[in-house]
Amino acid sequence: VSVGNGLVDLYGKLKNVEDARKLFDNMPERNVVSWSAMIAGCVHNDFAEEALKLFEQMQLEGVSANDFTLSSVINACSSLGNIEKGKSLHSDVRKAGFESNLVVGSALVDMYVKCGSLRDARDVFDKMSERDAVSWTSLIAGYAEHGCGEEALDLFVKVLDEGLKLDEFTFASVLRVCARMACLVQGKQVHAYIVKAGFESNPMMGSALIDMYTKCGDTSHALVVFNKIAEQNAVSWTTLIAGYAQHGLSKEALLLFDKMVGAGIEPN
RNA sequence: UGGCAUGGGAAUA
């Protein structure tokens, strides 16, 4: 069974859901790991509906879900924006006693965020017994997405207070908030944290910083950041070009585009 | 007892 599970997982990760499914269907024996791997494979390859179907089938066959199964199938509801199913899974989580599980909790927060119910997301978040960078980022990104900049920044201050190690995903979400609010003061503070955390040359940090600086009207700092990125990718270039264009610097933007092509980056 | 599976992020439009 373990070998089969490993193969189902591998095919799913290689984006070959068809073969994963063939393997899964032909397994002489299936346990909760087999089902979880197959469900996760579907979710990661944009077959969220199929993941929900598999979950139902699993229950019909009398296999009970564990924390891994639940987080994957909750993630399926996130991508579908299916809050009804999400809520019913939330009650399954409570019944199965996975309420205090870190991963399941973060998946629920993300699910409610993607379904547009920030109240529920906040409620789950507040009730979690432990939180990591993912839990915090899910909620911060949720507030960012829904235009609740104040709440997002408030959370960021709190997580800094807790002394939790943050990753580039958290910083990217906070920078997005600063960009939207055109708040240069906050943005510069976040920039300082990024430098301190050693993420300065990270391409994702670079594009988030460029976006923040241009939306705040500081194109010269945006250029400084751009030049510090270890390896500029298409997003780095696009962000800078769009930032210049937004400020009427169309000649500079066109020049940048030529430079991008010259640097061997394919425009998309 | 151990082994295999699960959650979050950036530009443009």
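Each chain gets a letter, A, B and so on, in the order its sequence line appears, and its residues count up from 1. Quick note: numbers below take in every heavy atom, side chains included, and nothing from hydrogens, waters or symmetry partners.
In this entry the distance linking CG of Asn268(A) with C1' of rA10(B) reads 14 Å, nearest Å. As a whole-Å value, the separation of Glu145(A) CD from rA10(B) P is 8 Å. Counting to the nearest Å, the P atom of rA5(B) and the CD atom of Glu29(A) are 18 Å from each other. What separates CG of Asn66(A) from P of rC4(B) is a distance of 14 Å, to the nearest Å. In this structure, CZ of Arg131(A) is placed 19 Å from P of rG8(B), rounded to the nearest angstrom. With rounding to whole Å, Met111(A) atom CE is found 12 Å from rG7(B) atom C1'. Taking atom NE2 of residue His191(A) and atom C1' of nucleotide rA10(B), one finds them 15 Å apart after rounding to whole Å. Distance CE (Met38(A)) to P (rA5(B)): 16 Å, rounded to an integer number of Å.
Sequence neighbours left out, the pairs with a member in residues 218-242 of chain A that pass salt bridge (Lys or Arg N to Asp or Glu O under 4.0 Å) are Glu200(A)-Lys228(A). Here side-chain hydrogen bond (donor to acceptor under 3.5 Å, both in side chains) pairs that include residues 155-175 of chain A, with residues two or more places apart or in two chains, are Thr137(A)-Thr170(A), Asp167(A)-Thr170(A), Glu168(A)-Asn202(A). Pairs engaging residues 246-268 of chain A under the side-chain hydrogen bond (donor to acceptor under 3.5 Å, both in side chains) rule: none recorded [sequence neighbours left out]. Applying the side-chain hydrogen bond (donor to acceptor under 3.5 Å, both in side chains) rule to pairs touching residues 98-109 of chain A yields Asp67(A)-Asn101(A), Ser106(A)-Ser135(A), sequence neighbours excluded.
Set against rA5(B), rA11(B), rG7(B), the side chain of Leu102(A) has rG7(B) as its closest nucleotide. The Ser72(A) side chain lies nearest to rU6(B) when the options are rU6(B), rA11(B), rA10(B). Distances were taken from every side-chain heavy atom of His44(A) (C-beta onward) to each of rU6(B), rG8(B), rA5(B); the shortest belongs to rU6(B). Of the candidates rG7(B), rA5(B), rA11(B), rG7(B) carries the atom nearest the Ser106(A) side chain, counting heavy atoms from C-beta on. For Phe169(A), the side-chain atoms get nearest to rG8(B) when compared with the rest of rG8(B), rU6(B), rU12(B). Comparing atom distances between the Val235(A) side chain and each of rA11(B), rU12(B), rA5(B) picks out rA11(B) as nearest. In this structure, the nucleotide among rG8(B), rA10(B), rA11(B) sitting nearest to the side chain of Val134(A) is rG8(B). Residue Ser71(A) places its side chain closer to rG7(B) than to any other of rG7(B), rA5(B), rG8(B). Of the candidate nucleotides rG7(B), rA5(B), rA10(B), rG7(B) has the atom lying nearest to any side-chain atom of Val103(A).
In this model, no side-chain donor or acceptor of Asp132(A) finds a partner on the base of rG8(B) within 3.5 Å.
Nucleic acid contact for Asn75(A): sugar-phosphate only, since backbone atoms but no base atoms lie under 4.0 Å from a heavy atom of the residue. Residue-level contact check: Ser138(A) touches the backbone only, with heavy atoms under 4.0 Å from sugar-phosphate atoms and none from bases. Note on Ala133(A): a base of the nucleic acid sits closer than 4.0 angstrom, heavy atoms only. Residue Ser207(A) is classed as a base contact, given a heavy-atom separation below 4.0 Å to a base. At a threshold of 4.0 angstrom between heavy atoms, the contacts of Thr137(A) include nucleobase atoms, whether or not backbone atoms are also involved. Residue-level contact check: Leu240(A) touches neither bases nor backbone, having no heavy atom under 4.0 Å from any strand.
In this structure, Trp237(A) has its ring center closer than 6.0 angstrom to the ring center of Phe226(A).
The stretch residues 46-63 of chain A has no heavy atom under 4.0 angstrom from RNA chain B at all.
Contact annotation: Lys13(A) side-chain N/O to rU6(B) OP1/OP2 distance is under 4.0 Å. Under 4.0 angstrom from either OP1 or OP2 of rG7(B) there lies no side-chain N or O belonging to Lys114(A).
The pair Lys114(A)-Glu145(A) does not meet the salt-bridge criterion, since no charged nitrogen lies less than 4.0 angstrom from a carboxylate oxygen.
Grouping Ile, Leu, Val, Met, Phe, Trp and Tyr by side-chain contacts under 4.5 Å, direct or through others, puts Leu14(A) with Leu10(A).
At distances below 3.5 Å, at least one donor-acceptor pair connects side-chain atoms of Arg30(A) with backbone N or O atoms of Phe24(A).
A donor atom on one side chain and an acceptor atom on the other are found under 3.5 Å apart for Asn31(A) and Ser34(A).
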